[in-house]
Amino acid sequence: MLIDTHCHIAGDEFVDDLSAVVARAREAGVQQAICILDATARVELERVPGVRTAWPGVAFAVGVHPHHAGKVSVDEVEALVGAALEETGAVAVGEIGLDYHYDFSPRAQQQAVFGRQISLAVARDLPIVIHTREADADTLEVIDTAGGGRARGVFHCFTGDQALAEAAVARGFHLSFSGIATFPRAESIREVAAWVPADRWLVETDSPYLSPAPQRGGRNEPGRVGRVLDTVARVRGMSLDEAAEQAYTNAAALFGISGPNR
Ligand SMILES: [Zn+2]
Ligand SMILES: [Zn+2]
């Protein structure tokens with residue numbers, strides 16, 4: 001039982017061949033996925049029924065990504081995401097966070113939109129899926145301020161350092177590893193993957209982004225999550241079967257999902 005805990009298969013990149021993508025995932029043993037939706041993109045929300053039909057094992061997360069924080073008014077973000085949660089039956093709020101690498105939205109706006117979505121998730125007792133880039137200190141501060149110690153969730157596509165990993169785990173968060181952990185120069189990420197407590201790690205593809213080695217570049221897809229799992233299993237000294245079971249158990253606990261065979 002493998003699960004890809006972060007992919008964007010309701011995006012434009014998968015419109016033409018989603019059923020083939022799902023077939024390849026199942027063939028690779030990936031029975032489930034968390035599909036991340038952009039709450040500001042009507043077209044993605046409207047694809048949800050089709051994605052559910054193509055892949056009954058999919059669960060959804062919906063939120064306003066920091067790149068799009070400038071598109072919404074702070075006072076409206078909770079209503080927007082709340083409605084999207086109801087419409088899609090999503091099990092998490094995300095991805096949300098801060099991205100100071102691209103700075104597509106002003107930082108104060110990113111922080112406010114992030115904070116409001118954390119409050120919403122806490123009020124509904126839902127996990128959050130965090131995107132953070134070059135914004136470690138502010139990300140932790142917004143989590144603490146808006147979450148009041150009650151926010152839970154995952155730092156997706158973890159590329160931070162050991163200090164961020166420890167801060168996240170101390171707050172009860174999970175870390176999710178992506179194809180970046182397979183890259184030759186990513187030794188520090190593999191060290192975090194070896195260190196993280198057994199019940200706090202997940203794996204993801206972030207499809208269509210981030211193809212794992214050796215197929216770097218091109219469209220990524222959920223069927224490749226096993227490459228990431230392979231790396232995590234190796235550095236943790238686990239068999240692939242044990243690692244798959246642990247990754248599934250961790251994801252099921254965090255997102256409150258259960259598989260077709262459970
Ligand atoms: Zn992201
Ligand atoms: Zn993503």
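Order of listing sets the numbers, starting from 1, for every ligand and every atom in it.
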Quiz prompt | Check against side chain to side chain donor-acceptor pair (under 3.5 Å), Asn250 and His174 | solution = CA-CA 9 Å; Asn250 294 350; His174 290 62; 5.6 Å; no

Quiz item: Will you find, in the side chains of Gln32 and Tyr248, an N or O donor that is under 3.5 Å from an N or O acceptor?
Solution: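 Judged by distance alone, the side chains do pair up.
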
Quiz prompt | Passing option when His65 is tested against His156, His8, His131 for ring pair (Phe, Tyr, Trp, His ring centres under 6.0 Å) | solution =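 For His65, the ring pair (Phe, Tyr, Trp, His ring centres under 6.0 Å) test succeeds with only one of His156, His8, His131, which is His131.
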
Quiz item: When rounded to the nearest 0.5 angstrom, what distance separates CG in Asp103 from CD in Glu134?
Solution: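 Answer rounded to 0.5 Å: 8.5 Å.
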
Self-check item: Near the Zn ion (ligand 2) (cut-off under 2.8 Å), count of protein N, O or S atoms
Solution: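 Protein N, O or S neighbours of the Zn ion (ligand 2) under 2.8 Å, waters not counted, come to 4.
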
Quiz prompt | Pairwise distance OG1(Thr88) to CG(Leu45) - rounded to 0.5 angstrom | solution =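 Between Thr88 OG1 and Leu45 CG, I get 6.5 Å after rounding to 0.5 Å.
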
Quiz item: Is there a donor in the side chain of Thr205 and an acceptor in the side chain of Asn220, or the other way round, less than 3.5 Å apart?
Solution: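 Distance-only check fails for Thr205 and Asn220.
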
